Protein chains: 2
Amino acid sequence: MASRPARRPAASAARAQLNPVDGLAQLSFVIQRMLERRAAEHDLSIAQTRLLGVLRDRKPTMNELARLLDLDKSSTTGLVDRAERRGLVARVPSTTDRRAVLVSLTDSGRSLVSQASARFEADVLTMLGLLPPRDREALSRLVSRLLVTHAADQGIDLFTSVNAEDC
Amino acid sequence: MASRPARRPAASAARAQLNPVDGLAQLSFVIQRMLERRAAEHDLSIAQTRLLGVLRDRKPTMNELARLLDLDKSSTTGLVDRAERRGLVARVPSTTDRRAVLVSLTDSGRSLVSQASARFEADVLTMLGLLPPRDREALSRLVSRLLVTHAADQGIDLFTSVNAEDC
DNA sequence: TATTGTTATACTCTATAACTATA
DNA sequence: TATAGTTATAGAGTATAACAATA
């Protein structure tokens, strides 16, 4: 929703504060837009970017990939088809199960995702750089704490689980 | 990207911290997923939800709507078509310009977006509730400060501009 | 029989280009 | 001529259901 404007009563905009929900919602849109913009520079959609991101340190089967991306396996087939057509990923038959295929990043795909990543990271760091160092550090610490707590609440160990990674 | 795992060296996961970029990226995905999930409960996509959200306090022309949503006018036509077919919005001919149409929320649309909003807000508040009150307040303040600073940096007054609202 | 992956199909979302009806 | 909106068309992304090959 990132819903209505948090249309503050009036007056001192300089010190006004968004309500917590609107703040987090808006922040999520700002960050997604940064990601989208940088991905688009390389003709990547968010979906393609997620795919490449997940493959940076894995070589999963289609099935595992579908679980990692939280998509239906048929959607994953299509996603991989289009990436493969562009030479960004490759399908490799599994040696242990003749039904299965492994999906892996090509050099070209790896290079593309690295470039987009780097630009995106720079965007976020630039935005963070607008805050005084003390605020910046505090924010990072709190965001991290929130994510870890939230993940734990969902029964996920952020630092071990495969699901919490790569979005 | 919400990129690689921030695969910490090892050890004490309890005190480990995500790097700032990954933290914000992951947070944005978590929040978007909450929004998506709640919208889906009412058979709404993110796009439809944004549309309804924007219309909560406006009755724009198609043209204005396209600008508000940052979409091509033809995309907006389709979006409104589908929402209208479901009875969530209505097209009203402009009285001042016979080429133009105004788009407005129906009661049904307003009710739907309110319900989805409420559920989403509850989700975010629940997540925030996992933090101790002091952390929660600090986080809200910092997020707000970051958004205001970032908006200012882009030449936007978060509290006046039409663009910063509703995502 | 169960699982892996693909195909067939359908719908949403988005954009570009061409069109119409006003202005 | 210029603007407001729609239509025609095309492609990405997603899901469900049915299917072939293998386990």
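Computed from heavy atoms alone, side chains included, the values below leave out hydrogens, waters and symmetry copies. Lettering of chains follows the sequences in order, A, B, ..., and the numbering in each one begins at 1. Note that the structure is predicted; figures quoted are calculated from it, not measured.
- Atom-to-atom, CG of B:L51 to P of C:dT14 comes out at 10 Å; the value is rounded to the nearest Å.
- Nucleotides of DNA chain D nearest to A:S75 and B:E64 differ in position, and the one nearer the 5' end is that of B:E64.
- Taking atom CZ of A:R50 as the reference point, atom C1' of D:dG13 lies 12 Å away to the nearest angstrom.
- Nucleic acid contact class of A:T76 (heavy atoms, under 4.0 Å, all strands): none.
- Counting only heavy atoms from C-beta on, B:K73 has its side chain closest to D:dT6 among D:dT6, D:dA15, D:dG13.
- Here the P atom of nucleotide D:dG11 and the CG atom of B:D72 are 17 Å apart, to the nearest Å.
- Just one residue in the list A:D72, A:T77, A:T76 forms a side chain to side chain donor-acceptor pair (under 3.5 Å) with A:S74, and that residue is A:D72.
- Nearest-nucleotide mapping onto DNA chain C: of A:T61 and B:L71, the residue sitting toward the 5' end is A:T61.
- Rounded to the nearest 0.5 Å, atoms CE (B:M34) and OG (A:S28) are 10.5 Å apart.
- Rounding to whole angstrom units, NE2 of residue A:H42 and P of D:dA12 are separated by 19 Å.
- Screening A:D153, A:T149, A:L147, A:L146 for a side-chain contact (heavy atoms from CB on, under 4.5 Å) with B:M127, the sole residue that qualifies is A:L146.
- Tracing side-chain contacts under 4.5 Å through hydrophobic residues (I, L, V, M, F, W, Y), one reaches B:I46 starting from B:F120; they form part of the same cluster.
- Residues from residues 81-107 of chain B lying near DNA chain C, meaning a heavy-atom separation below 4.0 Å, are B:R82, B:D97, B:R98, B:R99 in numerical order.
- Atom CG in A:L79 sits roughly 15 Å away from atom P in C:dG5 (whole-Å rounding).
- Within 6.0 Å of CG in A:D97 there are more than 12 heavy atoms belonging to other residues, nucleotides or ligands.
- Salt bridge present: A:R91 and A:D81 bring a charged side-chain N and a carboxylate O closer than 4.0 Å.
- In this entry the distance linking CG of B:L69 with P of D:dG5 reads 13 Å, nearest Å.
- Taking atom CD of residue B:E36 and atom C1' of nucleotide C:dT12, one finds them 13 Å apart after rounding to whole Å.
- Toward the 5′ end of DNA chain D lies the nearest nucleotide of A:I46, the other residue of the pair A:S74 and A:I46 mapping further downstream.
- The closest side-chain donor-acceptor pair between A:Q115 and A:S111 falls under 3.5 angstrom.
- As rounded to whole Å, 11 Å separates atom P of D:dT6 from atom CG of B:L65.
- Taking only side-chain nitrogens and oxygens, B:T77 comes nearer than 4.0 Å to OP1 or OP2 of D:dT6.
- Nucleic acid contact class of B:N63 (heavy atoms, under 4.0 Å, all strands): sugar-phosphate only.
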